[in-house]
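Inspection log for the structure reproduced underneath, given as structure tokens.
Here is the naming used below: chain letters follow the sequence lines, and residue numbers restart at 1 for every chain.
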Amino acid sequence: MSTNSNTPLNFLEEIIEADLASGKHKTILTRFPPEPNGYLHIGHATSICLNFGLGLKYGGATNLRFDDTNPVTEDTEYVESIIEDVRWLGFEPANILYASDYFEQLYEWAKVLIQKGKAYVDFSTAEEIAAMKGTPTMPGQNSPYRDTTPEENMALFEKMRAGEFPDGHCTLRAKIDMASSNMIMRDPLLYRIKHAHHHRTGDKWCIYPMYDWAHGQSDSIEKITHSICTLEFAPHRELYDWCIEQLGIFPSKQYEFARRNVSYAITSKRKLKLLVEEGHVRSWDDPRMPTISGFRRRGYTPASIREFCDRIGLGKREMVADMSLLEFCIREDLNKIALRRFAVLDPLKVVITNYPEGQTEALETENNPEDPNAGNRPLTFGRELWIEQDDFMENPPPKYFRLSPGGMVRLKSAYIIQCHDVVKDANGHITEIHCTYVPESRSGQDTSGLKPKGVIHWLAASNAQKAEVRLYDRLFQVEDPASEEDFLATLNPHNLQVIENALIEPALADAKLGERFQFTRLGYFCVDPDAQPGKPVFNRTVTLKDAWAKEQQK
RNA sequence: UGGGUCAUGGUGUAAUGGUAACACAGCAGAUUUUGGUUCUGUUUUUCAGGGUUCGAGUCCUUGUGACCCAACCA
């Protein structure tokens, strides 16, 4: 989160600064409250950056609190991955807490409500409750159990806890207003019976609080000052405030912002799960997945994701941020820090006919032109080289300034070469090209006076190594796959291209997990966890901007 | 025919009654031993009607449109 005072404040920052200025709060405390029932995705990342960012910006703090009130969907596996993802993004929670830590307190508070005549045990079925709920335009009807005495309710609620009723036999409901124009206020359910094993409390409980009874009170217990959630919870705010007021506890306040979506991505838990289960991707951390673990494996840096979250802004209207902004952020970050390396993904052999057979020569090139401190590395030049197929055309179109028959090109950090022969097989496919090099054009001591426009990367056949390279493209072909009737039909068939036998320079052969590189002229790449000693595997994080590809599309 | 939230370029976000701006994307050019980076220029904007005002994206009013709410999910 930027602390630049020149940047305009978003509406939450305005609220916080007003609260701080008025003395309503001396410091702020926010929270990120995931339910541990799935893996975190880019949408969660924006919420994490928002909550932790505000805590940091205003010298406050942020809790990570698991909203673990529904034991049938939750698991410690998710707890662990969520903690890992939050830390990977670069944030350290002030406290790692669980709504389940507050079950006893929430139970006591429910009894307070019962004593006040503000809650009752309802034996209606789910269907009956739904039928009595009314509709947005018609008031609901009171439950026949609504006027049970506090004494009776207290005994019944204790029986609920004691396990004397089966699942779904009854619920505890707040007694508010069945005619409220806000559907949420029509006697909301507070507790339901679930004889289920909870990942933290085990079999201690068979009644579990609903979101509305757990969330606000958990905020209050932790003395959260600004409880930030998405817009769909706006109608819940009335109930949030009602509960806190009935109990007379610390008045945490809820503020809503619009969920921040990203184009070409999907954030529905169900749909993400489908992609994994049906094998459209390999796993939850597949580099094509919009999960935080997917972005991590893809090679995105935490800084780039934080920068993206800062740049997309914040508001209260439905929005879809451009994936191209995320790509801009990762390129911007990696351009500064990634070491440059040569790799040839689609090799074409070049023979330098005027270079002595068996001879090699040591050259040098910069590790990162954006960072003088990154130093240099050695390259080996020789008679036989590899270049990209794309960097040679027998019949080049206008504006093509790479290699072609009779044409000249600079081999980066080496010599200028000129093509004089194209060798083809019986089918007419080019098998290799023959060139001459200009001995006096050696980089750094060029006296040739030649200025070819094209500069291409290359590898010496004598020491090029093999590697597997995985090229990823957008998972979906449409900007908003979630709105499609069949989102699977919009999967990009070319979202993954595996190159088994790419060639890399020796300096890349022992790259370690977590290292990121720019493959010169190709894009940014990182080491995949599938890599083994002697068998490197690289993922393409993002391509470089490609003005030539754009020119060709015209 | 209820309530809530919202409406500014292609996408986002500012402008808090006083010249509609910034970023990304796009386009054009300069530089470049990465068709990268960097730099310069540039196309495109206030949902509609009415009103208040010297002056309205902003205030009032009437519409229109979008999203959310009738889970023993969060």
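Residue A/E479 is out of contact with every strand shown, counting any heavy-atom pair closer than 4.0 Å. Within 4.0 Å (heavy atoms only), A/K194 reaches sugar-phosphate atoms of the nucleic acid but no base atom. Within 4.0 Å (heavy atoms only), A/S124 reaches at least one base atom of the nucleic acid. At the heavy-atom level, A/K399 lies under 4.0 Å from base atoms of the strands shown. If you check every strand for non-hydrogen atoms under 4.0 Å, A/P369 touches a base. Nucleic acid contact for A/F328: sugar-phosphate only, since backbone atoms but no base atoms lie under 4.0 Å from a heavy atom of the residue. Looking at heavy-atom distances under 4.0 Å, A/H236 makes contact with a base. Within 4.0 Å of A/L189, counting heavy atoms only, lies at least one base atom of the nucleic acid. A/G444 comes within 4.0 angstrom of a base, heavy atoms only. Residue contacts for A/R311: at a heavy-atom cut-off of 4.0 Å it reaches the sugar-phosphate backbone alone, with no base atom in range. Nucleic acid contact class of A/R340 (heavy atoms, under 4.0 Å, all strands): base. A/L314 comes within 4.0 angstrom of sugar-phosphate atoms only, judged by non-hydrogen atoms across all strands, and of no base. Contact annotation for A/T73: no contact, since no heavy-atom pair falls under 4.0 Å across all strands. Across all strands shown, A/F233 has heavy atoms under 4.0 Å from base atoms, whether or not it also approaches the sugar-phosphate.
Side-chain to base pairing of A/R521 with B/rU34: no donor and acceptor N or O lie closer than 3.5 Å to each other. No hydrogens or angles were tested; on distance alone, a donor-acceptor pair under 3.5 Å links the side chain of A/E370 to the base of B/rG36. A donor-acceptor contact under 3.5 Å is not formed by the side chain of A/E318 with the base of B/rU5. You won't find any donor-acceptor pair under 3.5 Å spanning the side chain of A/R331 and the base of B/rU37, going by distance alone.
For A/F233 and A/Y240, the distance between ring centers is not under 6.0 angstrom.
Heavy-atom contacts from other residues, nucleotides or ligands closer than 6.0 Å to NZ of A/K271 number more than 12.
Using N1 to N3 plus N6-O4 or O6-N4 for Watson-Crick, or N1-O2 and O6-N3 for G-U wobble, each under 3.5 Å, B/rU34 pairs with nothing. The partner of B/rU53, taking Watson-Crick or G-U wobble pairs whose two distances both stay under 3.5 Å, does not exist in any strand shown. Across all strands shown, B/rG17 forms no Watson-Crick or G-U wobble pair with both key distances under 3.5 Å. Taking a pair to require two hydrogen-bonding distances under 3.5 Å in either a Watson-Crick or a G-U wobble arrangement, B/rG2 pairs with B/rC69. The partner of B/rU40 is B/rA28, by the rule that a Watson-Crick or G-U pair needs both atom distances under 3.5 Å. The pairing partner recorded for B/rA7 is B/rU64, the criterion being a Watson-Crick or G-U wobble arrangement whose two distances lie under 3.5 angstrom.
For the pair A/C170/A/I193, a side-chain contact is recorded, criterion being any heavy-atom separation below 4.5 Å from C-beta on.
Between A/A130 and A/S413, the residue whose closest nucleotide on RNA chain B is further toward the 5' end is A/S413. Between A/T135 and A/G454, the residue anchored closer to the 5' end of RNA chain B is A/G454, taking for each the nucleotide with the nearest heavy atom.
In the model, A/E238 has no side-chain atom that pairs as donor or acceptor with a side-chain atom of A/W242 under 3.5 Å.
A/N367 and A/A374 make their closest contact through ND2-O, 2.9 Å (heavy atoms, listed as atom of the first residue, atom of the second, distance).
Stacking annotation: A/W548 is stacked on the base of B/rG35 (ring centroids less than 5.5 angstrom apart, interplanar angle below 30 degrees).
Between A/H44 and A/H41, the ring planes lie tilted relative to each other; the angle falls in the 30° to 60° range. A/Y415 and A/F381 have tilted rings, their planes meeting at an angle from 30° to 60° on a 0 to 90° scale.
Atom C1' of nucleotide B/rU38 and atom CG of A/N335 are separated by 9 Å, given to the nearest angstrom.
Nucleotides B/rA70 and B/rA14 place their C1' atoms 38 Å apart, quoted to the nearest Å.
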